[in-house]
Amino acid sequence: QVQLAESGGGLVQAGGSLRLACAASGRTFGEYTMGWFRQAPGKEREFVAAISWSGLSTFYADSVQGRFTISRDNAKNTVYLQMNSLKPEDTSVYYCAADKKFHTTGGLYDYWGQGTQVTVSS
């Protein structure tokens with residue numbers, strides 16, 4: 001079992017930056033692909049980024065490519081999402097997720113955090 005806890009959300013002006021963190025419990029964090037997803041009110045959850053267990057493979061949604069960077073520190077059981085050049089349309093609750101396989105589909109992830117709110121003002 002893996003428990004996930006996101007942090008780092010907040011209110012930021014358009015063009016600003018935030019760094020989200022997701023801390024995982026358990027000694028097998030290094031075996032899991034980690035993903036970030038987001039969901040805005042009234043909208044479906046959407047994929048943001050994913051990183052393989054080794055950190056060598058990453059994948060991004062087109063909407064965040066070039067602005068967001070996913071990374072991980074397996075020694076600290078933590079995955080990060082650096083978000084730069086934020087736009088009002090990035091406003092959402094951001095969730096991290098974990099699974100043994102590399103996915104970009106949220107429904108295939110086994111473990112989820114509670115989410116952290118990111119609000120970007122114009």
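From a predicted model like this one, the values you see are computed outputs, not experimental measurements.
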Which heavy atom of S63 sits nearest a heavy atom of R38, and at what distance? OG-NH2, 3.5 Å
Short question: side chain of Y109, backbone of H103 - any donor-acceptor pair under 3.5 Å? yes
Could you pull out all residues at least two apart from Q3 that satisfy side chain to side chain donor-acceptor pair (under 3.5 Å)? none
Apply side-chain contact (heavy atoms from CB on, under 4.5 Å) to F29 and V2, showing your working. CA-CA 8 Å; F29 174 76; V2 177; 5.7 Å; no
Solution key, residues 4-22 side-chain donor-acceptor pairs under 3.5 Å, sequence neighbours excluded:
from : atom 1 : to   : atom 2 : distance (Å)
E6   : OE1    : Q114 : N      : 3.0
E6   : OE1    : G115 : N      : 2.8
E6   : OE2    : C96  : N      : 2.9
E6   : OE2    : G115 : N      : 3.3
S17  : OG     : N84  : OD1    : 2.9

Check: S52 main-chain N/O paired with R72 side-chain donor or acceptor under 3.5 Å: yes
Please round to the nearest 0.5 Å and tell me the distance separating atom OG1 of T33 and atom CG of L108. 11.5 Å
Centroid separation W53 to F102 less than 6.0 Å: no
Please work out which of the three classes, parallel, tilted or perpendicular, describes the rings of F47 and F37, given edges at 30° and 60°. perpendicular
Taking D110 first and then K100, would you say they form a salt bridge - that is, a charged N and a carboxylate O separated by under 4.0 Å? no
How far apart are the C-alpha atoms of D90 and F68, what are their side-chain angles, what is the distance that settles it, and do they pass the side-chain contact (heavy atoms from CB on, under 4.5 Å) test? CA-CA 11 Å; D90 294 318; F68 291 11; 4.0 Å; yes
Which atom of Q1 lies closest to which atom of Y111, heavy atoms considered: CA-OH, 3.7 Å
Single-linkage hydrophobic cluster F59~V64, side-chain heavy atoms < 4.5 angstrom: no
Nearest 0.5 angstrom please: E31 CD to N74 CG, how far? 10.0 Å
Hey, is the main chain of I70 close enough, under 3.5 Å, to the side chain of Y60 for a donor-acceptor pair? yes
Verify, without hydrogens or angle tests, whether T105 (side chain) and G107 (backbone) share a donor-acceptor contact under 3.5 angstrom. no
Enter the distance from E89:CD to K43:NZ here, rounded to the nearest 0.5 Å. 8.5 Å
Set of ring-ring contact (aromatic ring centres under 6.0 Å, His included) partners for Y95, sequence neighbours left out: none
Are I51 and W36 joined in one hydrophobic group, where the rule is that I, L, V, M, F, W and Y side chains link up if heavy atoms are under 4.5 Å apart? yes
Nearest heavy-atom approach of S122 to P88 is CB-CG, 3.9 Å
